[in-house]
Enquirer: 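Once you've had a glance at the structure underneath, I'll fire off some questions.
Remember, predicted model here, so these are calculated numbers, not experimental data.
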Amino acid sequence: MAKNYGFLICILVMVMDIVAGILGIQAEIAQNKEKHMKVWIFDCRYPSYQAFRLGLAAVILLALAHTIANLLGGCICVRSKEQYRSATANRQLAVAFLIFSWIVLAVAFSMLIIGTLANSRSRQSCGILNHRFLVIGGILCFIHGLFTVPYYVSATATRREEKRQQDNLAPAAARHA
């Protein structure tokens, strides 16, 4: 009897995205505790090693959650508009959630990386107010979970539908042979 681990995978991916989001927000808080000096429209600040570590952990968790969901969910490919229109509802949902999860991943990952690198030890940055990268990246981690979990569920459902269709076609083909 095959075991169904789908629920646990969904919980794991969601927890990883939530923790990544919390770490991103905590990194922003740690960054804001460092010394700041405002000169006219420029804002100079010292890097925060704690913000760097929290931001890096958030980046790693976000990437891991995305990788787990996509590897275990499988590849759901649609090559044309006609194929998309004739696809089942689960396949259409899987494709839509896959596209949105990749878009959110790209933006969240970029924001977290920018915020994390701004806190590397070798940088003291001065520039026009460029805050909130870490908090925006953290919030996008939550949104990433809202797209990635439904992708995994719909991709898994699509594979099950296709397996059932193949199983139903095999006995019919054997009878006609």
Enquirer: Quick test of your reading: applying ring-ring contact (aromatic ring centres under 6.0 Å, His included), list the pairs with at least one residue in residues 73-94, sequence neighbours left out, ordered by first then second residue.
Expert: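 Listed by first then second residue: nothing to list.
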Enquirer: Give the table of side-chain donor-acceptor pairs shorter than 3.5 Å for residues 94-115, with sequence neighbours excluded, one pair per line with atom names and distance.
Expert:
from: Ser101; atom 1: OG; to: Phe97; atom 2: O; distance (Å): 3.2
from: Ser101; atom 1: OG; to: Leu98; atom 2: O; distance (Å): 2.9
from: Ser110; atom 1: OG; to: Ala106; atom 2: O; distance (Å): 2.7

Enquirer: Who are the side chain to side chain contact (heavy atoms under 4.5 Å, CB included) partners of Gln50, not counting sequence neighbours?
Expert: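 Side chain to side chain contact (heavy atoms under 4.5 Å, CB included) list for Gln50, sorted by chain: Ala30, Ser48, Arg53, Leu54.
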Enquirer: Counting N and O atoms only, with roles assigned by atom type, does the side chain of Thr148 sit under 3.5 Å from a partner on the main chain of Gly145, one being a donor and the other an acceptor?
Expert: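 No; judged by distance alone, with no hydrogens or angles, the pair does not exist.
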Enquirer: For Thr88, give me all partners under side chain to side chain contact (heavy atoms under 4.5 Å, CB included), at least two apart in sequence or on another chain.
Expert: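 Only Asn90, Arg91, Glu161 meet the side chain to side chain contact (heavy atoms under 4.5 Å, CB included) criterion with Thr88.
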Enquirer: Applying salt bridge (charged side-chain N to carboxylate O under 4.0 Å, His left out), which residue pairs with at least one partner in residues 4-28 are found, sequence neighbours left out?
Expert: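 Output for this query lists Glu28-Arg132.
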Enquirer: Once side chain to side chain donor-acceptor pair (under 3.5 Å) is applied, do any residues pair with Arg160, and if so which ones, sequence neighbours excluded?
Expert: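 Testing Arg160 for side chain to side chain donor-acceptor pair (under 3.5 Å), a comparison that skips the adjacent residues, returns Asn4.
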Enquirer: Quick one: side chain to side chain contact (heavy atoms under 4.5 Å, CB included) partners of Leu12, sequence neighbours excluded?
Expert: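 Once residues adjacent in sequence are excluded, the partners of Leu12 under the side chain to side chain contact (heavy atoms under 4.5 Å, CB included) criterion are Met16, Ile68.
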Enquirer: Can you pull the salt bridge (charged side-chain N to carboxylate O under 4.0 Å, His left out) pairs that have at least one residue in residues 137-159, sequence neighbours excluded?
Expert: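 For residues 137-159: none.
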Enquirer: Sort and list the pairs that fulfil salt bridge (charged side-chain N to carboxylate O under 4.0 Å, His left out) and have at least one residue in residues 18-27, not counting sequence neighbours.
Expert: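 Of all non-adjacent pairs touching residues 18-27, none passes salt bridge (charged side-chain N to carboxylate O under 4.0 Å, His left out).
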Enquirer: Who pairs with Val15 by side chain to side chain contact (heavy atoms under 4.5 Å, CB included), at least two apart in sequence or on another chain?
Expert: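 Side chain to side chain contact (heavy atoms under 4.5 Å, CB included) list for Val15, sorted by chain: Ile11, Val19.
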Enquirer: List the residues meeting salt bridge (Lys or Arg N to Asp or Glu O under 4.0 Å) with Lys163, not counting sequence neighbours, and say none if there are none.
Expert: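 Lys163: salt bridge (Lys or Arg N to Asp or Glu O under 4.0 Å) contacts with Asp167.
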Enquirer: For residues Cys10 and Val153, determine if any side-chain heavy atom of one lies less than 4.5 Å from a side-chain heavy atom of the other.
Expert: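 When only atoms from C-beta onward are counted, Val153 and Cys10 do touch, with a gap below 4.5 Å.
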Enquirer: After noting the C-alpha distance and the side-chain angles of Ile25 and Leu134, does the key distance pass the side chain to side chain contact (heavy atoms under 4.5 Å, CB included) rule?
Expert: CA-CA 6 Å; Ile25 293 168; Leu134 291 167; over 6 Å; no
